[in-house]
Amino acid sequence: MLSERDTSALPEAQVVKADRLSLVWLLPILALIVGGWLAYKTWSEQGPTISISFKDASGLQAGKTKVKFKDVNIGQVTAIHVTEDLQAVKITAQLTSGSERYLTDQTRFWVARPRITASRVSGLETLLSGAYIAIDPVTDGKPSRQFKGLPEPPVITTDEPGTRFRLRSQTLGSLNLGSPVYYRHIQVGQVVNYALDADGDAVTIDIFITKPHDRLVFVNTRFWNASGIDLSLTADGVNLDTESLVSVLLGGIAFDTPDTLETKGAPATADEFFPLYASRADAHERIYLNKQRYLMVFTGSVRGLSVGAPVVLQGIQIGQVLDIQLRFDPGQLAFSIPVLIEIEPERITVADGVEKALVNDPDLLNNLIAAGMRGQLKTGSLLTGQLYVDLDFHQDAPDAVLREQNGYRVLPTVPAPIEEVTTKVKNILTKIDALPLAKIGDDLSSILGSTRGLVDSTETKQALKELEQAITDLTSIANQLNSRIAPELTTILGQSRAMVANINELIGAEAPLSVESVRTIRDIGAAARSIRTFADYLDRHPEALIRGKGGMQR
């Protein structure tokens with residue numbers, strides 16, 4: 001126990017009042033400020049969050065897969081979920097700040113992975129880096145955060161300089177994404193999309209033509225399908241048309257502006273529609289809005305005439321065949337072939353410049369028909385046998401007028417050239433059949449009988465027999481001898497035949513036979529025997545014609 005003296009010796013404690021802010025708190029406060037600043041910086045630099053739906057998430061991983069534009073990272077996939085209907089996957093991605101101005105309803109996303117198709121090869125760089133989500137930003141459109149990913153990469157992105165045009169075709173043919181577009185055999189663009197129209201009647205094909213070639217497209221430019229090999233057999237013969245080996249294998253489109261009296265017109269605008277023709281010939285065929293239909297009735301065969309065959313006037317096509325039918329008339333028990341044709345009157349211009357269609361004026365048509373204008377089938381190609389309808393003037397054609405049948409005006413026709421020849425032959429045979437050949441034969445038999453009755457002596461018959469043999473020998477000699485004596489023998493033969501004719505006159509019904517006639521006939525027979533002997537000698541010694549009969553003797 002301490003005493004009072006000991007207690008007073010102890011030091012007295014002094015109470016010191018401490019400051020409110022201690023230096024100890026500076027470090028956590030500084031850390032809090034730095035953390036807050038970093039949080040604010042991260043929040044301020046954080047871009048928008050978007051969701052993209054794909055058919056599947058092949059090659060995608062949350063926290064690893066990047067979103068890239070021109071190989072620059074602009075975001076990352078944060079989550080991958082399957083949609084409630086199990087039909088697709090929903091990708092959530094966090095983009096960098098400033099990307100929101102490119103997120104519109106026109107922006108496109110797709111998964112970049114290796115792809116090899118017939119028309120192109122893409123995404124090979126992802127073999128090492130892995131798949132990523134690519135973006136094609138578009139500033140035009142309404143802001144959006146929900147997107148539907150493309151199943152395939154677009155052929156052309158919005159940053160490519162050029163112009164997009166749209167084509168309308170009945171079928172797609174062999175065209176595909178990436179199919180080339182040619183201008184005078186030089187590739188200037190490609191097919192970027194195609195889709196079936198809502199009504200299913202046609203196909204809309206989107207093409208992209210790069211600058212500066214897009215300025216070659218005008219409002220009257222013609223596009224045609226240059227895919228494969230265009231081989232056709234028509235009345236003009238065999239036609240073969242193709243662009244290049246690539247278009248043969250992959251398909252392609254070509255275009256050009258026809259050189260006509262019309263101007264090229266204004267340059268075409270973006271997304272303007274053009275018809276896609278089946279071939280170059282169809283594309284360069286002028287289009288006429290005014291069309292008139294007429295009927296032609298043929299009675300002969302129309303084998304070789306097909307729908308689409310040309311209708312030609314003075315060698316220039318003015319229309320085509322639309323339909324061919326076979327019609328039977330029970331009353332006449334005959335067949336006829338009505339052919340429906342379509343004529344484009346605007347192909348024919350009037351010399352005085354009057355604005356009226358030549359074949360649309362009934363009075364003028366009647367005048368042309370009265371002048372001999374008729375329709376006729378002619379062969380366009382001996383190789384294919386194709387026929388075409390030819391309108392021309394036939395001065396010897398029977399009279400005809402313009403009439404109507406089944407609501408169509410009927411143009412008169414004439415038979416085909418081969419039918420005209422056949423008809424003439426039939427007419428000649430008919431006239432021959434009309435001749436009284438039987439009566440003429442009976443009369444000749446009667447005359448010959450009378451002649452034979454007069455020539456009934458043995459000597460006369462023998463002389464005539466020898467004369468007939470002599471004529472036969474002369475004919476044989478004329479065929480065997482060379483040209484040096486053939487004309488003389490032919491003359492002798494003619495004279496002999498004339499002599500026989502004179503003899504026949506002498507032995508007529510009212511002319512008596514005389515001894516002199518028989519003697520003359522015997523002399524002719526002797527002459528014939530001499531000629532036969534001479535012919536036999538020439539047959540054994542033909543060199544006697546040059547050297548003479550004694551030329552062989554030395």
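- Although no hydrogens or angles enter the test, the distance criterion places no donor-acceptor pair under 3.5 Å between the side chain of Q376 and the main chain of T413.
- In this structure F328 satisfies the ring-ring contact (aromatic ring centres under 6.0 Å, His included) test together with F335, sequence neighbours excluded.
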### Message
Checking T221 against T257 for the side chain to side chain donor-acceptor pair (under 3.5 Å) test, could you report, in this order, the C-alpha distance in whole Å, the side-chain angles of both residues, the deciding distance, and whether it holds?
### Response
CA-CA 4 Å; T221 296; T257 303; 2.9 Å; yes
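- Residue Q332 qualifies as open at atom CD: its count of foreign heavy atoms under 6.0 Å is 12 or below.
- Looking at residues two or more places apart in sequence or on another chain, you find a salt bridge (Lys or Arg N to Asp or Glu O under 4.0 Å) between R168 and D197.
- Pairs engaging residues 323-332 under the salt bridge (Lys or Arg N to Asp or Glu O under 4.0 Å) rule: none recorded [sequence neighbours left out].
- For the salt bridge (Lys or Arg N to Asp or Glu O under 4.0 Å) test, residues two or more places apart in sequence or in another chain that qualify with R293 are E342.
- Applying the salt bridge (Lys or Arg N to Asp or Glu O under 4.0 Å) test to pairs two or more places apart or on separate chains, none has a residue in residues 297-321.
- Annotation: side-chain hydrogen bond (donor to acceptor under 3.5 Å, both in side chains) contacts of R108 (sequence neighbours excluded): D136.
- D282 places none of its side-chain heavy atoms less than 4.5 Å from the side chain of R280.
- Under the rule for a side-chain hydrogen bond (donor to acceptor under 3.5 Å, both in side chains), E404 has no partner lying at least two apart in sequence or in another chain.
- Evaluated for a side chain to side chain contact (heavy atoms under 4.5 Å, CB included) with Y294, the options I341, L322, V410 yield exactly one hit, I341.
- Checked against ring-ring contact (aromatic ring centres under 6.0 Å, His included), F255 has the following partners two or more places apart in sequence or in another chain: Y183, F223.
- Residue pairs that meet the salt bridge (Lys or Arg N to Asp or Glu O under 4.0 Å) test with at least one member in residues 366-380, sequence neighbours left out, are K378-D390.
- Scored by the side-chain hydrogen bond (donor to acceptor under 3.5 Å, both in side chains) test, T157 finds D159 as partners (sequence neighbours excluded).
- Listed by chain and residue number, nothing satisfies the side chain to side chain contact (heavy atoms under 4.5 Å, CB included) test with T171 (two or more places apart in sequence, or in another chain).
- The side chain to side chain contact (heavy atoms under 4.5 Å, CB included) test applied to M373 returns L365, L368, F393, not counting sequence neighbours.
- Residue L326 places its CG atom among more than 12 non-hydrogen atoms of other residues, nucleotides or ligands, all under 6.0 Å distant.
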